[in-house]
Novice: 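Quick one: the structure is below, and I'll ask about it shortly.
Only a predicted model underlies this, so the values are computations on that prediction, with no experimental measurement involved.
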Amino acid sequence: MKKNSIFRKFMTVALCLVVAGTSSGYSVETKAETEADTGTKPGSTDDVVDFEHSLDDYVPAKKKYNFYFTYKIVHPWWDAVALGMEDAQRKYLEKGIVITYEYMAPDVASYEDQTQRLLRAEEGNYDVIGVDVADEEMISPVLDKMVDAGNKVMTFSSSDAAPDCKRIAYVGNTHNYQDGADLTEALCKKLDYKGKVGILVGSHGAPCHEDRAKGAKDTIAKYPGMEIVAVEYDQDSIDLAYDLAKQMLKDNPDIAGFVCCNMSNPVGTARAVTDLGSKAVIVGMDHDQEALHYLRDGVIYCLGVQDCYSIGFDTLQVAVKIADGNLPGDLFPDKTDESTTVIYQKDAEPMLEVLYGDVSQ
């Protein structure tokens with residue numbers, strides 16, 4: 001099957017069911033490619049997500065591996081990461097290498113829950129334990145203790161641990177601050193560098209969310225005509241993001257724009273803006289199907305889409321190398337960087353078709 005058909009089949013199922021259970025890459029640079037009015041060229045939708053991956057030349061030392069991965073919250077974003085892992089798992093199996101793993105997360109983001117999951121994982125017979133860090137300050141010391149106890153620990157997905165953490169390697173987005181800055185720069189230019197802005201962050205302490213918000217704040221601070229009137233945490237909940245955005249608009253009816261720092265809050269914010277008849281400009285993250293509809297309809301101005309598929313594929317490859325006792329160096333870097341592409345209204349329909357088989361008008 002063609003790559004689009006493969007992803008459409010699996011992504012539609014994954015995003016509809018929103019499951020998190022047992023399931024089974026390398027470097028590209030950030031592409032914050034924008035419309036002509038932001039001064040750079042838009043990216044091709046064919047390049048936003050890379051579906052075509054091959055295993056590298058590394059020869060695994062074993063025929064069987066067992067991994068444990070936990071992440072912030074049950075959510076379609078991590079289902080997309082799982083698809084890349086499944087692709088790598090199939091390719092290893094074709095080479096006679098069996099990889100099994102657990103891929104679990106809570107229904108609500110919580111560093112307490114993540115801590116307990118990691119402590120339980122220590123008791124299992126896992127070659128590598130991987131974590132998408134829920135709270136940098138709270139989880140990093142837990143990872144240090146795990147490494148000191150002899151566990152092979154990596155981080156992956158969207159959030160690395162603290163800079164001095166002993167984790168072995170990270171695979172994922174290394175430029176969340178820049179993503180927030182790029183989206184906010186597009187917003188500021190669209191607003192002619194003047195107006196009030198609300199920021200919806202996501203989860204308290206989540207490095208990716210906090211870094212994007214900081215990028216947004218620092219960008220807005222450059223322009224005297226811009227003002228942040230509210231910063232709220234929606235805990236990755238569309239419903240809470242809707243309530244928060246609606247309240248922001250009621251408190252400040254003249255809000256000119258919103259910066260949304262995760263995959264859920266652009267949807268909640270777009271619903272609020274639509275319900276209240278606001279003209280506020282929305283910029284935000286990722287590939288939620290409803291968000292892409294709002295992008296197509298002009299309610300959302302632009303979205304920064306991360307290549308989740310590559311994150312999952314590369315995570316499994318790096319995990320195999322770590323399991324074999326390798327450290328960052330020639331085989332893999334300390335941080336494997338994955339791409340983010342900023343897309344606009346004209347890109348929405350192609351993205352909907354590629355990711356969801358959605359050709360509705």
Side-chain angles (χ1 to χ4, degrees), residues 11-21 71-81 104-114 132 134-135 157-159 180 183 197-206 208-210 212-213 216 228-253 255 257-306 308 348 352 355-356 358:
M11 180 65 92
T12 302
V13 173
L15 298 187
C16 289
L17 296 180
V18 194
V19 294
Y71 46 102
K72 281 194 284 292
I73 186 174
V74 173
H75 191 279
W77 194 92
W78 284 276
D79 294 337
V81 173
M104 306 292 290
D107 292 327
V108 178
S110 161
Y111 77 83
E112 295 96 339
D113 182 282
Q114 189 168 89
D132 173 48
D135 187 305
S157 194
S158 61
S159 293
L183 288 168
V197 176
I199 298 176
L200 287 156
V201 183
S203 301
H204 283 280
C208 60
H209 300 165
E210 300 284 10
R212 290 172 197 148
I228 298 172
V229 294
V231 177
E232 298 287 355
Y233 288 78
D234 55 82
Q235 305 304 319
D236 281 284
S237 165
I238 290 175
D239 291 338
L240 182 54
Y242 169 81
D243 292 338
L244 291 169
K246 201 167 186 178
Q247 190 60 51
M248 287 185 197
L249 286 165
K250 288 180 179 178
D251 294 340
N252 301 275
I255 279 183
F258 287 94
V259 180
C260 299
C261 298
N262 64 41
M263 184 166 157
S264 298
N265 48 35
V267 177
T269 302
R271 290 178 184 176
V273 164
T274 302
D275 286 354
L276 295 181
S278 169
K279 300 298 183 182
V281 177
I282 302 169
V283 301
M285 289 299 297
D286 278 304
H287 59 265
D288 182 274
Q289 187 173 13
E290 187 176 350
L292 288 169
H293 278 279
Y294 281 123
L295 180 68
R296 181 197 63 192
D297 297 340
V299 178
I300 291 175
Y301 178 58
C302 64
L303 292 169
V305 178
Q306 299 174 87
C308 296
L352 281 164
L355 298 182
Y356 299 97
D358 184 345

Novice: Sequence neighbours excluded, which residues qualify as ring pair (Phe, Tyr, Trp, His ring centres under 6.0 Å) partners of Tyr111?
Specialist: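 For Tyr111, no residue satisfies ring pair (Phe, Tyr, Trp, His ring centres under 6.0 Å) once neighbours in sequence are set aside.
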Novice: Between Arg296 and Ala348, is there a donor-acceptor pair closer than 3.5 Å when you use the side chain of the first and the backbone of the second?
Specialist: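 Judged by distance alone, no pair lies under 3.5 Å.
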Novice: Between Asp132 and Gln114, which heavy-atom pair has the shortest distance, and what is it?
Specialist: O-NE2, 2.9 Å
Novice: Does the side chain of Ser159 come under 3.5 Å of the side chain of Lys72 through a donor N or O and an acceptor N or O?
Specialist: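 Present: a donor and an acceptor within the cut-off.
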Novice: I'd like to check Lys246 versus Leu276 (side-chain heavy atoms, cut-off strictly below 4.5 Å). Are they in contact?
Specialist: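 Yes, side chains in contact.
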Novice: How long is the gap from CG on Asn252 to OG on Ser278, to the nearest 0.5 Å?
Specialist: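 The OG atom of Ser278 is 11.0 Å from CG of Asn252, to the nearest 0.5 Å.
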Novice: Looking at Gly202 and Asn262, what are the two nearest heavy atoms and their distance?
Specialist: CA-ND2, 3.1 Å
Novice: Measure the CD1-OG1 distance between Ile238 and Thr269 for me, rounded to the nearest 0.5 Å.
Specialist: 10.0 Å
Novice: Using the side-chain contact (heavy atoms from CB on, under 4.5 Å) rule, take Tyr356 and His287 through it: C-alpha gap first, then chi angles, then the decisive distance, then the call.
Specialist: CA-CA 10 Å; Tyr356 299 97; His287 59 265; 3.5 Å; yes
Novice: Identify the heavy atoms of Leu183 and Cys302 that sit nearest to each other, and give their distance.
Specialist: CD2-SG, 3.8 Å
Novice: Where do Gly284 and Pro266 come nearest, in terms of heavy atoms and distance?
Specialist: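 Taking Gly284 first and Pro266 second, the nearest heavy atoms are CA-CG, 3.9 Å.
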Novice: Could you grab the distance from atom NE2 of His293 to atom CG of Leu352, nearest 0.5 Å is fine?
Specialist: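 Between atom NE2 of His293 and atom CG of Leu352 there are 5.0 Å.
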Novice: So do the side chains of Asp288 and Ser264 get within less than 4.5 Å of each other, counting heavy atoms only?
Specialist: no
Novice: Taking the side chain as everything from C-beta on, heavy atoms only, tell me whether Asp286 gets closer than 4.5 Å to Gln306.
Specialist: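 Yes. Closest side-chain heavy atoms under 4.5 Å.
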Novice: Is there a side-chain contact between Asp236 and Trp77, using heavy atoms and a 4.5 Å cut-off?
Specialist: no
Novice: I need the Thr274 OG1 to Tyr294 OH distance, nearest 0.5 Å.
Specialist: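 Rounded to the nearest 0.5 Å, the OG1-OH separation comes out at 4.5 Å.
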Novice: Determine, step by step, whether Met248 and Ile199 satisfy the side-chain contact (heavy atoms from CB on, under 4.5 Å) criterion, reporting the C-alpha distance in whole Å, the side-chain angles of both residues, the deciding distance to 0.1 Å, and the verdict.
Specialist: CA-CA 10 Å; Met248 287 185 197; Ile199 298 176; over 6 Å; no
Novice: Hey, is the main chain of Gly268 close enough, under 3.5 Å, to the side chain of Glu290 for a donor-acceptor pair?
Specialist: no
Novice: What's the separation between atom OG in Ser203 and atom CG in Asp234, rounded to the nearest 0.5 Å?
Specialist: 7.0 Å
Novice: A side-chain contact here means heavy atoms from C-beta on lying under 4.5 Å apart; do Tyr71 and Val81 qualify?
Specialist: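 Side chain of Tyr71 against side chain of Val81, heavy atoms only: no contact under 4.5 Å found.
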Novice: Regarding Glu112 and Ser110, is there a side-chain donor-to-acceptor distance under 3.5 Å anywhere?
Specialist: yes
Novice: Does any part of the side chain of Val273, heavy atoms only, come nearer than 4.5 Å to the side chain of Phe258, both counted from C-beta?
Specialist: yes
Novice: State the SG-CG distance between Cys260 and Leu303, to the nearest 0.5 angstrom.
Specialist: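 If we round to the nearest 0.5 Å, Cys260:SG and Leu303:CG are 9.0 Å apart.
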Novice: Determine the minimum heavy-atom distance between Ile255 and Gly257, stating which atoms define it.
Specialist: CG2-O, 3.4 Å
Novice: Taking all atoms of both residues into account, what is the closest heavy-atom pair of Met263 and Pro76, and its distance?
Specialist: CE-CB, 4.2 Å
Novice: Would you say Glu232 and Leu200 make side-chain contact, with heavy atoms under 4.5 Å?
Specialist: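 SC-SC contact between Glu232 and Leu200 confirmed.
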Novice: Are any non-hydrogen side-chain atoms of Ser158 and Trp78 less than 4.5 angstrom apart?
Specialist: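 The answer is yes, as the side chains (C-beta and beyond) meet within the 4.5 Å cut-off.
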